[in-house]
Amino acid sequence: GNSVTQMEGPVTLSEEAFLTINCTYTATGYPSLFWYVQYPGEGLQLLLKATKADDKGSNKGFEATYRKETTSFHLEKGSVQVSDSAVYFCALSYSGTSYGKLTFGQGTILTVHP
Amino acid sequence: DGGITQSPKYLFRKEGQNVTLSCEQNLNHDAMYWYRQDPGQGLRLIYYSQIVNDFQKGDIAEGYSVSREKKESFPLTVTSAQKNPTAFYLCATQQVGETDTQYFGPGTRLTVL
């Protein structure tokens, strides 16, 4: 079956540090890949996505590249801010017989200190 | 104001009681989903519906029930058969034909006393 594995958290950084959150996946076919962000007490917001190999998704300074050869979709940001503190989820969607079903990683808690 | 609304934001239930969580959307999206979120486990799919009057079980449907009588509404009932219902419940929608993007509501936190 499909699965998503994220790096263990929590991750604690100082403001302006470089961020990498690793994400690898197992799936049949060619899934779409997503990063969602969840701020405290809220639902999930789509951060970025990529729908085919070598695509790069980007938003708000965050980037992730769909690497089929390494089955990875690592999230990066060059300079984090305190406001980036949240939980980040990597996910994949593979229609198959279950239309639009998202499979999530376990989430990575990011805390950024001033 | 467009989007997805979930109510209530916080819900307390005594053991043995059924409780219904509301999810309403005015995005005119065809598909709707219910997820359960537990600490350190990510989100798990409970039920989903692609069209009105049709729905399918997700990965953890036991102890839950849903209905889809209207396109805008997809209520989730947590029954007394659900052994560990305390969790954060998230509703999501998706437009058929879009590239797999789901949009989430703000969630309902259910606590069993």
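The sequence lines fix the lettering, A, B, ..., with proteins before strands; numbering per chain opens at 1. Nothing here was measured: the structure is a model prediction, and the numbers come from that model.
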Participant: Near A:Y30 OH, under 6.0 Å, is it more than 12 heavy atoms from other residues, nucleotides or ligands?
Facilitator: no
Participant: Where the side chain of A:Y36 meets the backbone of B:Q102, is there a donor-acceptor pair that is under 3.5 Å apart?
Facilitator: yes
Participant: Indicate, with yes or no, if B:F12 and B:Y89 share a hydrophobic cluster defined by side-chain heavy-atom contacts under 4.5 Å among Ile, Leu, Val, Met, Phe, Trp and Tyr.
Facilitator: no
Participant: What part of B:D38 gets closer than 4.5 Å to chain A, counting heavy atoms only: side chain, backbone, both or neither?
Facilitator: neither
Participant: Select, from B:Q6, B:Q56, B:Q37, B:R109, the one with the greatest count of heavy-atom pairs under 4.5 Å involving chain A.
Facilitator: B:Q37
Participant: Compare every heavy atom of B:F104 with every heavy atom of A:L44, then report the nearest pair and how far apart it is.
Facilitator: O-CB, 3.3 Å
Participant: What part of B:L43 lies closer than 4.5 angstrom to a heavy atom of chain A: side chain, backbone, both or neither?
Facilitator: both
Participant: Does one hydrophobic cluster hold both A:L47 and A:L110, with members joined at side-chain heavy-atom distances below 4.5 Å?
Facilitator: yes
Participant: Filter on disulfide bond (SG atoms under 2.5 Å apart), then keep only pairs touching residues 2-56 of chain A, sequence neighbours left out; what's left?
Facilitator: A:C23-A:C90
Participant: How about CD on A:E16, more than 12 heavy atoms from neighbouring residues, nucleotides or ligands closer than 6.0 Å, or not?
Facilitator: no
Participant: Quick check on the interface: out of B:G105, B:C91, B:G42, who has the most heavy-atom pairs with chain A under 4.5 Å?
Facilitator: B:G42
Participant: Are A:L102 and B:Y33 side-chain neighbours, meaning at least one heavy-atom pair lies under 4.5 Å?
Facilitator: no
Participant: Kindly compute the distance separating CZ (B:F88) from CD (A:Q38), expressed to the nearest 0.5 Å.
Facilitator: 6.0 Å
Participant: At a heavy-atom separation under 4.5 Å, does A:L46 approach chain B through its side chain, its backbone, both, or neither?
Facilitator: side chain
Participant: Please check if the number of heavy atoms outside A:E69 that lie under 6.0 Å from its CD is greater than 12.
Facilitator: yes
Participant: Is B:I60 linked to A:V4 within one hydrophobic cluster, defined over Ile, Leu, Val, Met, Phe, Trp and Tyr using a side-chain heavy-atom separation of less than 4.5 Å?
Facilitator: no
